[in-house]
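A note on names: the letters A, B, ... follow the listed sequences, proteins ahead of strands, and every chain is numbered from 1.
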2 protein chains.
Amino acid sequence: MPTQTFFNLSEEKRERLIAGAMKEFSAKPLNEASISNIVKNSEISRGSFYQYFEDKKDLYFFLIGKFRCNYHNLMLKSFQEKKGDFYEGFKLFSEKYVMYIMESKKFGFFENMYLHMNYQINREVRVDFKGKQTRPTKDERLIDVINRDNLKIDSENELLDILKYFLSMLNDTIMEGFWKELSVKETQNLFIKRLEWITYGIAIPEKKEGNV
Amino acid sequence: MPTQTFFNLSEEKRERLIAGAMKEFSAKPLNEASISNIVKNSEISRGSFYQYFEDKKDLYFFLIGKFRCNYHNLMLKSFQEKKGDFYEGFKLFSEKYVMYIMESKKFGFFENMYLHMNYQINREVRVDFKGKQTRPTKDERLIDVINRDNLKIDSENELLDILKYFLSMLNDTIMEGFWKELSVKETQNLFIKRLEWITYGIAIPEKKEGNV
DNA sequence: TTTTAAAATGACAACTTGTCATATTATGTT
DNA sequence: AACATAATATGACAAGTTGTCATTTTAAAA
């Protein structure tokens, strides 16, 4: 986390540093980016940098937090629009989300982020459902907006687990999209195919005794 | 890929280098590991290193290829043992595979690999089904050993896509296991839960008209 | 024995990073 | 205004990194 000193900075200087960092992180992934370049880009002395951030990662995760799509609301709206239907809601959400990432002005930054995403980065990208859930807000809770009637889900926790898993799958799919240089549309379709697999299963359901 | 010079080396020297590299990569992830340490560990001159490998990554990917579980046969045997049943076969395979990774002598190496796995590393870990498939061997083909009768799968390609997806999901789960410091058993169960989701779906199947 | 090819070596330039004593600029306080 | 004090800025620096390359050593061939 950046120090208080960083937030005390004049907006001009703070933005200058952020822009200089984004330039570097858009050109190179975390492990290749250098602080030397960032301070050169933003015309800030090396010593100052270390007064604001602990190290390169500290700055990087701050930027991820700043520019990532906070998809909680995006999900909420998508599920509401599709009247709580799991498959349709998630499909709509994923389409919007993929577009946000892949058509963003910050394309280079996100591209490097996804291509070098590991578990630590993955965690930073994800939003904490649990946190949002316990802290009462005026907004509706995500899990209340999803219709569970036609899902094989017993507890709220299981639904949360599934949501978390779907999100990490979505991120994996975007990673694959960047790697294979897929278009937005192709990436969306790749995800939708997987969404279908998981939602409806790949096994043909056995005919229930009672129905025969 | 290592140069020919590397393979011309005496076995003693080659093993010395591999051991020195494994020591470093077991202690530190790829981006923190240093060539300086590796050449120190293996008592090889810096110049020689660059005669064998292009850079650190070149060596790293060679080691992954050397020590990764070539799971093609493991899958084949698992599916054969379970008479081609998708769910049971994959379950058995995943249990063996997780155990191989997490109880290996190379634990530190694998741990760092999984915790810092990105798409590039992920690709190196995966076996190329397509390659194995076209090259005719005396072994049975994996896709022939899986019973497709009770799967919603039309083409061989779709089955391959699903297999690839399940494998990357398995690797993700192992990554999560390392991150959360889960036991072998817990990691296996986490995967099995997801395997169940995807195989049978999370949606309750609608009753077919014909059956009512 | 001489020639030629292959492999080994460590000094080196050009880069990193994080630290720290010092200089500069604000913000109070008599 | 003059002083004290806290906050911020600075760049030189040690200690590390990487990849190269002219040179030496070793092996193979003529």
Tell me: [atom1] of [X] to [atom2] of [N], nearest whole Å?
X       : N      : atom1 : atom2 : answer
B:Glu43 : C:dG10 : CD    : C1'   : 16 Å
A:Ile35 : D:dG11 : CD1   : C1'   : 16 Å
A:Phe6  : D:dA9  : CZ    : C1'   : 16 Å
B:Asp55 : D:dT17 : CG    : P     : 17 Å
B:Gln51 : D:dT24 : CD    : C1'   : 13 Å
A:Phe49 : C:dC20 : CZ    : P     : 17 Å
B:Glu32 : C:dT17 : CD    : C1'   : 13 Å
A:Phe53 : C:dT19 : CZ    : P     : 16 Å

Inspect the contact between A:Arg194 and A:Glu176 and indicate whether a charged nitrogen and a carboxylate oxygen are less than 4.0 angstrom apart.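 Here A:Glu176 pairs with A:Arg194 in a salt bridge, since their nearest N and O are under 4.0 Å apart.
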Would B:Glu111 and B:Lys106 pass as an ion pair if we require N to O under 4.0 Å? no
Can a donor-acceptor pair be found, under 3.5 Å and without considering hydrogens, that links the side chain of B:Lys91 to the backbone of B:Ile192?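 Side chain of B:Lys91 to backbone of B:Ile192: no pair is present.
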Please answer whether the main-chain N or O of B:Lys23 pairs with a side-chain N or O of B:Ser26 as donor and acceptor at a distance below 3.5 Å.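 Absent.
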Under 4.0 Å from OP1 or OP2 of [N]: is there any side-chain N or O of [X] that close?
X       : N      : value
A:Arg46 : C:dT17 : yes
A:Tyr50 : C:dC20 : no
B:Ser48 : C:dA7  : no
A:Ser36 : C:dT17 : yes
B:Ser45 : C:dA8  : no
B:Asn8  : C:dA6  : no
A:Lys13 : D:dA9  : yes

5′-ward residue of the pair B:Ile44/A:Ala33 relative to DNA chain C: B:Ile44
Using heavy atoms to find the nearest nucleotide of DNA chain D for A:Gly47 and B:Lys40 separately, return the residue whose nucleotide is more 5′.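 Final value for this comparison: A:Gly47.
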Which is true for A:Tyr52 with a 4.0 Å heavy-atom rule: it touches a base, it touches only sugar-phosphate, or it touches nothing?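 It contacts sugar-phosphate atoms only.
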Less than 6.0 Å separating the ring centroids of A:Phe25 and A:Phe110?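 No.
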